[in-house]
Amino acid sequence: MKPLEALSIAWEAILKNKVRSFLTMLGIIIGVSAVIIMVAISAGTEATIQEQITSLGSNLVFVQSSFSRGGPGQQQQGGLVYDDAAAIETGVDGVTAVVVEQNSSENVKYGDVTLESVEVLGTTTGFPSVRDMEIGEGRYFTEKEIERKSKVAILGYTMAQELFGERNPVGQYITVGNTKLAVIGVFKEKGLVGNTDFDSRIYLPISVVFQKFTPSMFARFMGDRVRMIYIEVDPKANLDNIITQIELLLVKRHEVTLETADFSVTTQQDIISTRESTTAAFRSLLAWVAGVSLIVGGIGIMNIMLVSVTERTREIGIRQSVGATPEDIRLQFLTEALLLSIVGGLIGIIVGVAGAYIFGALSDMRTVISVSSILLAFGSSAVVGAFFGYYPANQASQLDPIEALRYE
Amino acid sequence: MNEAHKIIKTVDIAKVYGMGDISVAALRGINIEIAEGEFVAIMGPSGSGKSTLMHILGCLSRPSSGQYFLDGEDVSGLNKTQLAAVRNKKIGFIFQAYNLLARTTALQNVTLPLLYNRTNNKNKEEGFEKARAMLELVGLSERIHHQPHELSGGQQQRVAIARALVNDPVMVIADEPTGNLDTHSGGEIMNLLHKLHEQGTTIVMVTHDPKTAVHTQRTINLIDGLVDNITHNGKHKAAEISA
Ligand SMILES: Nc1ncnc2c1ncn2[C@@H]1O[C@H](COP(=O)(O)OP(=O)(O)O)[C@@H](O)[C@H]1O
Ligand SMILES: [Mg+2]
C-alpha cells in the first residue's frame with residue numbers, strides 16, 4: 001500500500017465516523033489551543049515588562065527606607081531623610097541626578113468633586129526626567145518653589161480628568177487635605193508601570209508634603225523623613241562601586257551597621273531580574289500545563305484508536321484476507337491516528353489563536369501570538385499522534401486473519 | 001490430466017490447535033493434488049477439518065507440519081507478510097458471510113485487493129476499469145455504486161466473487177459460498193462459479209450439499225482430519241466440454 005492510499009483510506013475512515021473522530025480530536029484541540037493561548041499570555045507579559053524596562057530607564061538605583069527598628073505602637077525611627085539625597089549627590093562619584101519622593105494619602109476636592117485617598121507624591125525637580133514623565137499642559141515646579149514651599153500642584157493625566165473633566169485645570173485651585181493648591185501643570189499619559197499608576201497621582205513640591213502631610217517631631221533634629229531616593233547614575237560607571245559608596249555613606253550618616261541598616265539599595269536590574277524570573281516560572285508552569293493536556297489528548301487518541309481497532313476487527317480480517325500485510329494494517333491505523341491529531345492540531349491552532357486574541361481583548365492581560373508556539377504545538381500534536389497511535393496500530397497489525405474474520 | 005500444472009499439492013499436512021492436553025488435531029495428514037482448471041468440492045461432517053484445510057490452502061494460516069506447494073512454490077514456511085502477498089496475488093476468497101467492507105461501494109470493495117498488490121502497475125483509473133470489468137462479469141454493472149446494505153445476499157456474494165477475481169488469482173477458494181443464500185440465489189451463484197470454471201478458473205469449494213457437489217469434477221471427503229475418499233463426478237473440464 002502506498003502512503004498516499006493509506007492517507008485516503010484514513011481520511012475516509014475519519015469522515016465515516018465524524019462524531020467519534022471529533023471526540024478523539026478534542027483532547028488534541030484542547031492541548032494545542034492551551035499551548036498557544038498560554039504562550040501568548042506569557043509572551044504578552046514579557047513584552048509588557050520589556051516596555052517597562054525601556055520606560056523606566058535602565059541606570060537607576062533605588063534607596064528605600066526600611067524600618068527595622070521600633071516595634072508596633074512605637075514612633076518609627078530612622079530611615080532615609082531628605083538631606084541624605086544631597087549627601088549622595090555630592091558624596092558619591094558617578095551620580096548624575098537624584099530625585100526624592102515622599103508620599104501621603106489625602107482627600108482631594110475641586111468644586112463638588114471629592115476624591116478620597118488620593119496618592120500625593122512630594123518630589124523634587126529631577127522627577128520628570130528621571131522617571132520619564134512629560135508635561136502636557138502648563139509647567140513643572142521649580143527649585144525656588146520647593147524652597148519657598150509654594151502651594152502648587154501638578155496633576156496626573158487621569159487625576160486631571162477625574163477632577164476637571166474636559167476643562168483646563170491649569171490656573172484652578174484644588175483642596176488637598178486642608179491645603180489649597182494652585183494647579184500649574186498636567187502630565188501627559190504614562191500608564192501603569194509595574195503596580196504604580198503614575199496617572200492617578202498629584203505631584204507636589206516635596207517641602208509642601210513635609211510641612212502639611214507628613215510632619216514629624218523628629219524633623220527638627222534629624223531632618224524630614226522620605227520614602228525613597230532615586231539615583232540616576234552615569235551609564236558608564238561601575239554600578240557595584242556606586243552601590244557600595246552609597247551604602248558606606250548612609251551607614252555613616254545614620255550611625256548604623258550594614259546589618260542593622262534602616263535602608264535598602266536596589267537597582268533597576270534587580271527589579272527586572274525578579275520580574276523576569278517570575279515570568280519564567282509562570283511560563284514554565286504554563287508549558288507544563290499545556291504539555292500535560294497534550295499528553296492527555298494523546299492518551300485519548302490511543303483509547304479511541306484501541307476501541308476503533310476492536311470495532312473494526314472484521315474490516316481488518318477482510319483486508320488481511322485480500323492481501324494486506326501486517327505492515328499495511330499498521331500503516332493504515334497509524335496514518336489514521338496521525339491524521340486525527342494533525343487535523344485536531346489544525347483546529348486547535350484556530351481555536352488557540354482566536355482564544356488568545358479574545359482573551360487579550362477581554363482581559364487586562366496582554367497576549368502576543370507567536371508563530372513558534374503554533375509550530376511547536378502543531379509539531380508536538382503530530383508527535384503525540386504518532387506516539388500514542390503506534391500501540392493500537394501495532395495491535396491491529398498482529399491480529400490473526402481467521403480470528404478477525406470470525407469476529408462478530 | 002496428469003500432465004496439467006498442479007496448483008495445489010499437499011504433503012502430510014497436519015494442523016494442531018492448542019497445546020498439551022487440550023490440543024485438538026484438526027488435520028492429521030492430508031495429501032491432495034489439485035490441477036489447474038479443476039473444480040473440486042470438499043465435503044465432510046461438521047468438525048471434520050474442512051475450514052481448517054481451506055484456511056491453510058488459502059494461506060490464511062500455516063500447517064503445524066507437512067508441506068504445501070501452491071502453484072509450484074513451497075509456502076509452508078512463509079512468514080505473515082509473505083503469506084499476505086501470496087494471498088493477494090494467487091488466491092481469491094469467497095466466504096459464506098460475503099465479508100464485504102460496510103459503507104463502501106461495490107466498486108471500491110472490488111478494488112480492495114488491488115490496493116495491496118505490490119506488483120500492480122495499474123493506476124487508480126485502470127484499477128477501477130478492471131474492477132468494473134469484474135463486476136460486469138458477475139452481472140452487476142448496474143449496481144457498482146451500491147453499498148452492501150443496498151444489495152441482496154446473492155448480489156453481495158457476486159461482489160465478493162468479483163473481488164476474488166480482480167487480481168487474476170491462480171485459484172478461487174470458496175467456503176460454503178451458498179450457505180447464507182436461498183435456493184434460487186444459491187443456484188445463481190453456482191451457475192456463476194460454473195461459468196468461471198468454464199473460462200478456466202481453478203475452484204476449490206467447501207459445501208454441505210451433495211447436489212451441489214455432484215456438479216463439480218471431484219469431491220474430496222474429509223472425516224476426522226483425514227481424507228476419507230475422493231469421488232469423481234459428472235462434470236468435465238472446460239476444455240473437454242468444448243472439445
Ligand atoms: N481456532 C481453533 N482453536 C481450537 N480448535 C479449533 C479451532 N478451529 C477449529 N478447531 C477445531 O478443529 C476441528 C476442525 O474444525 P473445522 O476445520 O472448523 O471443521 P469444519 O469446517 O469441517 O466444520 C474441530 O474439532 C474444531 O473444534
Ligand atoms: Mg467450517
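Convention: sequence-line order gives letters A, B, ...; per-chain numbering from 1. Just so we're clear, the structure is a prediction, and the values are computed from it rather than from any experiment.
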Exercise. Tell me, side chain or backbone of B/L83 under 4.5 Å from chain A's heavy atoms, or both, or neither?
Worked result: neither
For this session: For side-chain contact (heavy atoms from CB on, under 4.5 Å), just list the numbers for B/K124 and A/E5, CA-CA rounded to whole Å, side-chain angles, deciding distance to a tenth of an Å, and then say yes or no.
Result: CA-CA 10 Å; B/K124 217 169 163 134; A/E5 291 165 340; 5.9 Å; no
Exercise. Do NZ/NE/NH1/NH2 and the carboxylate oxygens of B/R118 and A/D328 come within less than 4.0 Å?
Worked result: yes
For this session: Can you measure from OH (B/Y116) to OG1 (A/T325) and round to the nearest 0.5 angstrom?
Result: 8.5 Å
Exercise. Which answer fits B/Q108, side chain, backbone, both or neither, if we ask what part of it has an atom under 4.5 Å from a heavy atom of chain A?
Worked result: side chain
Exercise. Sub-3.5 Å donor-acceptor pair from the side chain of B/N99 to the main-chain atoms of A/I318, do we have one?
Worked result: no
For this session: Go through the steps for B/N167 and A/V322 under the test side-chain contact (heavy atoms from CB on, under 4.5 Å), then give the verdict.
Result: CA-CA 10 Å; B/N167 262 337; A/V322 300; over 6 Å; no
Exercise. Looking at side-chain heavy atoms only, is the closest gap between B/K80 and A/D400 below 4.5 Å?
Worked result: no
Problem set entry | Heavy-atom neighbours of B/K15 NZ exceed 12 at 6.0 Å | yes
Exercise. Are there more than 12 heavy atoms of other residues, nucleotides or ligands under 6.0 Å from atom CD of A/Q398?
Worked result: yes
Seminar exercise, completed: Pair count under 4.5 Å, heavy atoms only, with chain B: among A/R319, A/E315, A/E12, highest is A/R319
For this session: Take B/L101 and A/R314 through the test side-chain contact (heavy atoms from CB on, under 4.5 Å) and record every step on the way to the result.
Result: CA-CA 9 Å; B/L101 290 184; A/R314 205 178 170 86; over 6 Å; no
Exercise. Counting only heavy atoms not in B/Y17, do more than 12 fall under 6.0 Å of its OH?
Worked result: yes
Exercise. Shortest non-hydrogen contact from B/A84 to A/A324?
Worked result: CB-O, 3.6 Å
Exercise. CD1/A/I9 to OG1/B/T104 distance, rounded to the nearest 0.5 angstrom?
Worked result: 10.0 Å
Seminar exercise, completed: To the nearest 0.5 Å, atom OG1 of B/T52 lies from atom CD1 of A/I402 at 7.5 Å
For this session: Take atom CZ of A/F22 as the centre, draw a 6.0 Å sphere, and report whether it contains more than 12 heavy atoms from other residues, nucleotides or ligands.
Result: no
Exercise. From A/E403 CD over to B/S61 OG, what is the distance, rounded to the nearest 0.5 angstrom?
Worked result: 10.5 Å
For this session: Go through the atoms of A/E327 and report whether side chain, backbone, both or neither lie under 4.5 Å from a heavy atom of chain B.
Result: side chain
For this session: Answer yes or no: are there more than 12 heavy-atom neighbours, outside B/F128 itself, under 6.0 Å from its atom CZ?
Result: yes
Problem set entry | Contact origin within B/A164 toward chain A - heavy atom pairs under 4.5 Å | neither
Seminar exercise, completed: Value for CD1 (B/I173) from OG (A/S321), rounded to nearest 0.5 Å, stands at 11.5 Å
